[in-house]
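Comments concern the structure below.
None of these values were measured; they are calculated from a predicted model. When a residue number appears, it is its place in the shown sequence, counting from 1.
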Amino acid sequence: MRRVVYLRGARRELSAILVYLTRASGDAMIGRAFVQGLRSQCRHLASLPGLMGRPRPELAAGLRSFVHRG
């Protein structure tokens, strides 16, 4: 299995998502569960490179994206 490596910007975004969801919901567990779900999806993407998600060549060569819980 491939190893997922998060760029510094991605780590900041995950932290910001955690903080936002925790504040918006008033429950840290909700924020943590969502971010854990995102990380799980990233690991799944890494296990199936080039097969999941939508190609996004307009952003970068070889980049794919997917929606996680809307």
message = Atom CZ of residue position Arg11 - does it have more than 12 heavy atoms of other residues, nucleotides or ligands inside 6.0 Å?
response = yes
Inter-residue atom distance [X].[atom1] - [Y].[atom2], 0.5 Å rounding:
| X | Y | atom1 | atom2 | result |
| --- | --- | --- | --- | --- |
| Leu38 | Glu13 | CG | CD | 11.0 Å |
| Ser47 | His44 | OG | NE2 | 5.0 Å |
| Met29 | Leu21 | CE | CG | 13.5 Å |

task = State whether Tyr6 and Arg39 meet the cation-pi test: NZ (Lys) or CZ (Arg) under 6.0 Å from the six-membered ring centroid, and within 45° of the perpendicular axis.
result = yes
inquiry  = Running the 4.5 Å side-chain criterion over Ile, Leu, Val, Met, Phe, Trp and Tyr, what cluster does Leu59 land in, apart from itself?
reply    = Leu63
Taking all heavy atoms of [X] and all of [Y], pick out the closest pair and write down the distance.
| X | Y | result |
| --- | --- | --- |
| Thr22 | Gly31 | OG1-CA, 4.0 Å |
| Cys42 | Val4 | O-CG2, 3.7 Å |
| Val35 | Leu14 | CG2-O, 3.7 Å |

query = How would you list all residue pairs meeting ring pair (Phe, Tyr, Trp, His ring centres under 6.0 Å) that involve residues 15-43, not counting sequence neighbours?
reply = Phe34-His68
